[in-house]
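Some notes on the structure that comes next.
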Amino acid sequence: MENSEKKWQKYWEENHVYKYDEASNEEIYSVDTPPPTMSGKMHIGHASSYTHEDVIVRFERMKGKNIIFPFGTDNNGLATERFIEKEKGVSSQRMERTAFIDLCNRTLAETRPAFIQSWKDIGMSADFDLNYSTIDKESQKVSQKYFLDLLKKGLAYKKEAPILWCPLCGTAVAQAELEDKNIPSTFYDIDFDLKDGGKITIATTRPELLSSCSAIFVNNEDERYKHLISKKVITPIFNDEVTIIADEKVDKEKGTGIVMCCTFGDTTDIEWYLGHNLELKTSIDKFGKMTALAGEFSGLKIKEAREKIVQKLKEENRITKETSIEHLVNVHERCGTEIEILSTSQWFIKILENKEKFIERGREINWTPKHAIHRYENWINNLKWDWCISRQRFFGIPFPVWYCEKCGQIMTPDEKDLPIDPISSKPKNKCSCGSDSFIPEKDVMDTWATSSLTPQILENLIHKKITPLNVRAQAHDIISTWLFYTVVRGEYINNSIPWKEALISGFVLDPKGEKMSKSKGNIVEPKDVIEKYGADCLRYWATNTGWGKDIKYDENELKNGKKLITKITNACNFASSNLKKEAPQELYILDKYFFIKLNKVIKEVNDLYTKREISQAKTIIEKFFWGNFCDNYLELSKSRIYGEDGEDKDSAKYTLYKSILSIIKMFAPIIPFTTEEIYQNYFFEKEGVKSIHLTKFPEFNEKLIDEDIERKGDLMIKYLEEIRKMKSEKGLSQKTEIESFKITEDLGAFEKDLKATGNIKSIVKE
RNA sequence: GGGCGUAUAGCUCAGUUGGUUAGAGCGUCACGUUGACAUCGUGAAGGCCUCCUGUUCGAGUCAGGAUACGCCCACCA
């Protein structure tokens, strides 16, 4: 099958079957396709999720729409840097910035074609000429343009503030890049001296932050400590004088009920720092080492400092208790390093003040499945930070910004000059203060700041305003990033939703229902599946589930797909010498009946595809094809096909032609290769359309409804089944001739077919 | 702790707006074909639809609750 699939893939490409037609007047159907991150190979989750998307697009194409289905890759930011570092065995931090960027660009150019090929291999019907990379010049232009737009609208700002920081990557990160990790730790009870004599005991897991202790907190209603409020405390080792403050956020039950606030250990520290106007004391630097503030511990890594400080506290007999615990901490999703909070200067996009608006917009979008919106709203409701988009990294889109050295004024380029790199260029004019020396912004934008603009990147590609697009398809894991951020940008650019419909797929799990991971060794490669079964089988399996639901990898379903494909191929080959496009004078009664059934299925399948119920549509077509068409219709029409030429035989030939064409058309969105093969072999010449995927989806025909014929036909099938059952129960061959068969209701013209197929000598009416 | 999802045959899952004996595929068993079908067909066995309470003439389906599993978020002193 693979060879044949390759052949059609090539055919589609050479004949521009999926090309967006600028000249067409048909209704546009535009798709915001996920640009996959180029950090390695396509995984089975991609294969599944993109198949779901592709099925819908193929259906819409067959409904006559003018499809805009681009394909991009996301390749800047940390994920890409890590990929390049691994691939090339280099360290970005030890390389010259420009050399590293150059290496990234070269490596991406090398790997990109093979990467994209995987998407072609699964039969994706994207217009691969509508192609972008989130780091290419055009994307840079779009990204910088809309950054400047945000700046102008006052929606982007730079601010020194406590921000989530990854000490390993040496960069700020966004809330959405955090992950939970269970980490063993120790709770230390430490004695602090009160200035006026006496002591208190606080519990902490992070004694290394002692030098940044800015205050001590107790709960306002804690009777044990009420008398201590406003008293002064001397910190151990560092001998800083700090105040005991009351705050309701202190949990009386936790530890000793007394907390030291360090700037910063966690998000509560930030709230206290801001709310109580505390002093900022920074004890950890950008690379996770102790600052000068930590005195004798400066220069040590966080963990080393913790050990040393604990040792010293023990020497001073200040540690009264140690409790081993395991607690969840936030780590950076890219490297697993524990996140710190540092006060640094970063670029932000305002999002907190417009939470309500984003929720409203979310409600304007048509979600499949409906419940996916809860995850969206839940995320927004729990947002705590504005969106930090600056990264202290190398491979990303630069901020188009300089600062006046004299007055600090922000300088920006003209839109027509974009994209620019502020490091290698200068503002055209002097600053309003008269100075002409500028400092370039060295930070780069996070990749989401660009991938959130995929609708605008697409508009830029086709030079046409098409937002809001028709559909966004993606998996549920990036609702809080890609989906949410795209809504944010859409709102800020157009005051509208970015797309009308959001299709959310689930994850692929291993056969046991567990997540696939390298460490478990249970990863399934789409490439292997395609080699063994073909892309159509992969798609058959992938469409076996509903939207938003996780799907297990199931070899059995792939085999079923294979069986279906064999069956279709066989049935079509069998019928191939008996296909006739021209209608006979009068349709044979059985054919009329079969068309009535087919017509019903067409309506049903059409409705299901429209409702995005792919797996149900698939089940209905399959059942109809296997049961009604193969087991019944083909068997019933064999006597005419094998018989002599004539009107009745022509009627059968015509019915075969029309019905097979309809059936493969209905299957086409799901198994595009097999159906194309059949179409090209038996229908292309007569139909003239260059690909089945450009033909029109079968249409429901109201005129075909005929209840009398349908009822009698159904009855005839029922009798036929009774005969089969009877023969089966008696252990007889289905070919055994039976003398007579009793029927209770009139079958009209169908009697003949029942006799022929059931091998009945005479039918007796009662 | 907050939000969401799932629970149906041995396995994987369908069950649309509540309506007679709850479906499919795989697996099992029996039989038949090998004259489209590296097979295919016919049939059989197999289900307290997780549990409880309600609404209703009627609940797998609706409402409330419980349990189990999974996911997202919060909890990091």
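Proteins come first, then strands; the chains are lettered A, B, ... in the order of their sequence lines, and each starts at number 1. Note that the coordinates shown come from a computational prediction; the quantities given were computed from them, not determined experimentally.
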OP1 or OP2 of A77(B) under 4.0 Å from side-chain N/O of Ser185(A) = no
Measure from the side chain of Thr268(A), starting at C-beta and using heavy atoms only, and say which of A77(B), C76(B), A36(B) lies closest.
-> C76(B)
Looking at A77(B), G15(B), C37(B), which one has an atom nearest to any side-chain atom of Asp251(A)?
-> A77(B)
Determine the stems involving RNA chain B; a stem requires 3 or more consecutive pairs of the Watson-Crick or G-U wobble kind, each with both distances below 3.5 Å, and the answer is none if no such run exists.
-> B:1-7 with B:67-73, B:10-13 with B:23-26, B:28-32 with B:40-44, B:50-54 with B:62-66
Mark yes or no: Arg375(A) above the aromatic ring of Trp367(A), with NZ or CZ under 6.0 Å from the six-membered ring centre and no more than 45 degrees from the axis.
-> no
Give a yes/no answer on whether the side chain of Lys638(A) brings an N or O atom under 4.0 Å of OP1 or OP2 in A36(B).
-> yes
Do any N or O atoms of the protein come closer than 3.5 Å to N or O atoms of nucleotides 2-11 of chain B, and which pairs are they?
unit_1, atom_1, unit_2, atom_2, d
G2(B), N2, Asn378(A), ND2, 2.8

Taking the side chain of Lys611(A) as heavy atoms from C-beta outward, which of A36(B), C26(B), U16(B) is closest to it?
-> U16(B)
What nucleotide, of A36(B), A14(B), A77(B), holds the atom closest to the side chain of Gln616(A)?
-> A14(B)
Among A24(B), C76(B), A74(B), which is the nearest nucleotide to the side chain of Lys623(A)?
-> A24(B)
With a non-hydrogen cut-off below 4.0 angstrom, is Cys630(A) in contact with a base, only sugar-phosphate, or nothing?
-> base
Just to confirm, is there a sub-4.0 Å distance from OP1 or OP2 of U42(B) to any side-chain nitrogen or oxygen of Lys727(A)?
-> no
Could you tell me whether the phosphate oxygens of A77(B), OP1 or OP2, come under 4.0 Å of any side-chain nitrogen or oxygen in Lys249(A)?
-> no
From the candidates A36(B), A74(B), C72(B), the one with an atom nearest any side-chain atom of Gln175(A) is A74(B)
By side chain to side chain donor-acceptor pair (under 3.5 Å), Lys649(A) pairs with (sequence neighbours left out) Asp645(A)
Nearest to the side chain of Thr205(A), which nucleotide is it out of C76(B), C40(B), A36(B)?
-> C76(B)
Which one, U12(B), G43(B), A77(B), comes nearest to the side chain of Lys725(A)?
-> G43(B)
Closest to the side chain of Thr204(A), out of G35(B), A77(B), G41(B), is A77(B)
Look at the side chain of Lys567(A) and decide which nucleotide, out of A38(B), C72(B), G41(B), has an atom nearest to it.
-> G41(B)
